[in-house]
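First up is the structure itself, then whatever we jot down about it.
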Amino acid sequence: MSGNVVHLHKNTDPIADEANVTTLTVVPDPAPPAPVPLWVRSGRAIKTAVTHESTRTTARAVARHTLYVAGGARIVARRTWDGRTAARYERMLRSAEAAGNHEAAAEWEERGQRYREARHRRRMDLLHSPLDAAKGAAVSAGMGVGGLVLLGIAMAIATKDASEVVTPLMAVIKFINLLITIVQVVWGPAITLGPLLALLALWSVGAHQQAAPQWALPAGVRNGEGEPITPSIVVKALRDLGVPALRKAITEMGDAGASMLGPITIAGCGVEVDVTLPSGVSTVEVQQRRRKLAENLSRHEHEVFITIPQAARTVRLWVADSGALDEPIGPSPLVTDETMTANYKTGRAPWGQDLRGDAAALSLYQRHLLITGLSNQGKTASLRSLALWAALDKTVEFRLADLKGGDWVMFDGLAAVLIQGPTDDHAIQATEMAEGVVDEMNRRIEARQFEPGIEFPPLICLVDEAQVAFMCPVKDEDGRPYGGSKATSRYFMAVRKIHNQGRAVNVLMWQGTQDPTDQNLPKLVREGAHTRAALALGTESQARMALGDKAVDGGAAPNLLRPGLDQGTLVVASSGIDIPKGQSSITVRTHYLSDDEAQVIADRAKGLRSGVTTLRVIERSEARDPLADIAQVIGDAARMRTKDVLARLAALDADSYGGWSFLNLTGVLDGTGAEPYKSDGKMTIARDRIVRALADRDEMGSASAS
């Protein structure tokens, strides 16, 4: 019973016959587990050893360095073969033929023929060289021995010793014997070390060219993170792109596709290369595989840009250094140069840097502007930096509506009109502001008919978050909607009118909007902008709405920018910025201006002006006091030209003053002592005269009341 368990059970059931009888039960022990066979334990140990990381690393290192020697031998053999035969010329000839470049093919054929002719001459020379060499050796030996004998005779005569005749000859014999002795000593180690040195040389070549399979390479080389872009890497990436015609053409090229590539040049924080595609391969097929191409180049998708240059069947690849696009580009010149001023007509706004690292500057002269993108991608900051630069030109007037509120407070005291808020009432005010700008545009056009060639100061009507105005559902008393995209829409028609005629008289429309659709950004409005820029967008259809089909077909892809990571990076299609020849757009990484920096720049702009009274709310009351309104729009300025007074009155209340002309203005001021007068040849209204006229009117009113 050894190893068994004994259990005692006492029956306590009073009904049972055998009550109070103790029962002894023997329960055998569970069987012990069977011993694990030795071969199983050995297999587990082997499996653990094989799967251990250090074991795999060691095996990979041994295989890598062994294969470096084999790869180096293959490279050296190929180089030797290329040097001794016309194989190089044949490869280049086939590559040129595959690429359809018949001129290059003819040139390589001619070079190969010249090489063969030169090789034939060398071989013919070798047939005669043994006989010539023997003759030369015999003559040289005879002359050499004769010379030594003559030298010995001269020494014997000089020393009067006949034994000196053979001294030079014996010295040469001893020298030859010494060389033989040295060779005998060195020959043994050379025979031993020679192969080792040869293997070391082959290993060096293979290691330099990374001539081993990917699985055997070190981890940092296998993942390719930060790997420099070389011709072989580019060709391999194109070959593995999944385009059968491209892969077949590269395979058939004798140079493995190297002839497709132009020079790889450093371009900013990356490199740029033009790729001439072989016949039968479309540039669209490469563009549509941007992500796969980037991964083949060991880059992220946002680090590879594909554009279409002017040359036929060519794509231009710009490949960023790994992680370079995540680095900031530095402060704006508006911040670093406190003396900077602007010239709306001839200057360019410093906006940021292109992918090459060159400064990207935008001309604003007579160009309507549209910037769009997803929310919180830097749209307002990009638009605001342009406005702040333009504000440093004191002739530029702003009428501004921020239909979100809070991002443009620094323009209080700088803009003639400043509307801030997201409500329908703010959208209505923005619409009336735009209509006031249309009235000013019409006055300028009318004035130009009487005075051809007159130059008008720039007037910029800026609406940020313009989708709020387009989507406003409110209708006016006549039933016309403020928003919408129909001919009855007041905001839509005001923008269209400015787009159609504003440039001629320096009246511009700038808009910033989110998530472009046909509802919140009608087609006619977005196509009326001369400068179109897009930050990160959600879809290709939105990219086409923002930039147009031409830019997107040419490689522009704001929908491939990373939301939240590529903030401030936008794709620009405009004649106002330097775009590489043959491209339809350019990618710009804009400078970021904080609110504090923007306020400092705005204060500098205010210092250039004599004082601007900002209208924060457009009143729409029926009863107006023209004299008081004139005093209000003049503000703190000592005097103001009549046309500027009319423009500001229209912005103050388009319903009351939108149709005013110079005659209406002079009619109100006649008899007040504040009539317009000429200053520097222009009709002007003086502030002190208006204030005096108001004071006199108030005194007369008080006297009549008493």
Side-chain angles (χ1 to χ4, degrees), residues 328-354 358-371 373 378-402 407-418 456-464 502-503 506-512 529-533 535 567-570 572-579 586 588-609 612 614:
I329 64 172
S332 169
L334 291 172
V335 176
T336 58
D337 186 359
E338 297 181 356
T339 63
M340 176 178 284
T341 58
N343 188 309
Y344 158 79
K345 186 173 183 179
T346 62
R348 288 175 175 253
W351 212 5
Q353 293 180 1
D354 61 14
D358 299 329
L362 181 68
S363 172
L364 307 176
Y365 180 63
Q366 293 187 347
R367 290 179 175 88
H368 303 302
L369 176 67
L370 172 65
I371 298 181
K379 168 179 53 61
T380 296
S382 302
L383 186 60
R384 193 172 65 183
S385 65
L386 296 177
L388 287 169
W389 177 83
L392 294 176
D393 183 342
K394 62 182 181 180
T395 65
V396 177
E397 178 186 346
F398 284 95
R399 300 186 189 181
L400 197 154
D402 176 13
D407 291 329
W408 296 83
V409 292
M410 68 288 303
F411 275 77
D412 188 0
L414 187 57
V417 178
L418 180 59
F456 297 100
L459 169 59
I460 298 176
C461 178
L462 193 156
V463 180
D464 194 11
R503 295 177 61 239
N506 276 337
V507 176
L508 303 179
M509 189 75 203
W510 290 9
Q511 294 182 100
H530 304 95
T531 295
R532 300 167 70 173
L535 294 108
Q567 289 180 326
T569 299
L570 42 76
V572 187
S574 172
S575 60
I577 194 169
D578 292 333
I579 297 178
I586 187 172
V588 177
R589 303 171 68 199
T590 59
H591 297 293
Y592 173 71
L593 294 175
S594 66
D595 291 342
D596 293 338
E597 292 171 338
Q599 185 64 58
V600 171
I601 299 169
D603 291 340
R604 281 166 36 202
K606 294 172 188 177
L608 300 175
R609 290 164 165 76
V612 175
T614 299

Would you please name every residue forming a side chain to side chain donor-acceptor pair (under 3.5 Å) with [X], sequence neighbours left out?
{"X": "S574", "result": "T531"}
{"X": "W389", "result": "none"}
{"X": "D578", "result": "none"}

Once rounded to the nearest 0.5 Å, what's the spacing between atom [atom1] of [X] and atom [atom2] of [Y]?
{"X": "L570", "Y": "R532", "atom1": "CG", "atom2": "CZ", "answer": "14.0 Å"}
{"X": "M509", "Y": "L369", "atom1": "CE", "atom2": "CG", "answer": "10.5 Å"}
{"X": "I577", "Y": "R367", "atom1": "CD1", "atom2": "CZ", "answer": "10.5 Å"}
{"X": "L388", "Y": "L383", "atom1": "CG", "atom2": "CG", "answer": "9.5 Å"}
{"X": "I460", "Y": "L400", "atom1": "CD1", "atom2": "CG", "answer": "10.0 Å"}

**Under 3.5 Å donor-acceptor, T590 side chain and G568 backbone** =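 Yes: the side chain of T590 pairs with the backbone of G568.
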
Of all residues at least two apart in sequence or in a different chain, which pass the side-chain contact (heavy atoms from CB on, under 4.5 Å) check with [X]?
{"X": "N343", "value": "K345, T346"}
{"X": "Y344", "value": "Y365, Q366, D393, V396, P458, N506, L508"}
{"X": "I329", "value": "Q353, R589, H591"}
{"X": "T341", "value": "none"}

**Prompt:** Taking it one step at a time, do R604 and I601 satisfy side-chain contact (heavy atoms from CB on, under 4.5 Å)?
**Reply:** CA-CA 5 Å; R604 281 166 36 202; I601 299 169; 4.0 Å; yes

**Prompt:** Where do R609 and L414 land on the side-chain contact (heavy atoms from CB on, under 4.5 Å) test, with the steps shown first?
**Reply:** CA-CA 8 Å; R609 290 164 165 76; L414 187 57; 3.7 Å; yes

Could you pull out the closest heavy-atom pair between [X] and [Y], with the gap in Å?
{"X": "K394", "Y": "L608", "result": "CD-O, 3.5 Å"}
{"X": "S382", "Y": "W351", "result": "O-NE1, 3.1 Å"}
{"X": "R348", "Y": "A361", "result": "NH1-O, 3.4 Å"}
{"X": "R503", "Y": "H530", "result": "CD-CE1, 2.7 Å"}
{"X": "S385", "Y": "L334", "result": "O-CD1, 3.8 Å"}

**Request:** Check step by step if side-chain contact (heavy atoms from CB on, under 4.5 Å) holds for Q567 and L535.
**Result:** CA-CA 8 Å; Q567 289 180 326; L535 294 108; over 6 Å; no

Using the salt bridge (Lys or Arg N to Asp or Glu O under 4.0 Å) criterion, which residues pair with [X]? Sequence neighbours excluded.
{"X": "D464", "value": "K379"}
{"X": "D337", "value": "none"}
{"X": "D595", "value": "R384"}
{"X": "D354", "value": "none"}

**Request:** Check step by step if side-chain contact (heavy atoms from CB on, under 4.5 Å) holds for L362 and V588.
**Result:** CA-CA 11 Å; L362 181 68; V588 177; over 6 Å; no

**Request:** Check ring-ring contact (aromatic ring centres under 6.0 Å, His included) between F411 and all other residues, then give those that pass, not counting sequence neighbours.
**Result:**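 Once residues adjacent in sequence are excluded, the partners of F411 under the ring-ring contact (aromatic ring centres under 6.0 Å, His included) criterion are F398, W408.
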
**Message:** Within the 4.5 Å heavy-atom criterion, are S332 and E597 side-chain neighbours or not?
**Reply:**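 No, side chains not in contact.
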
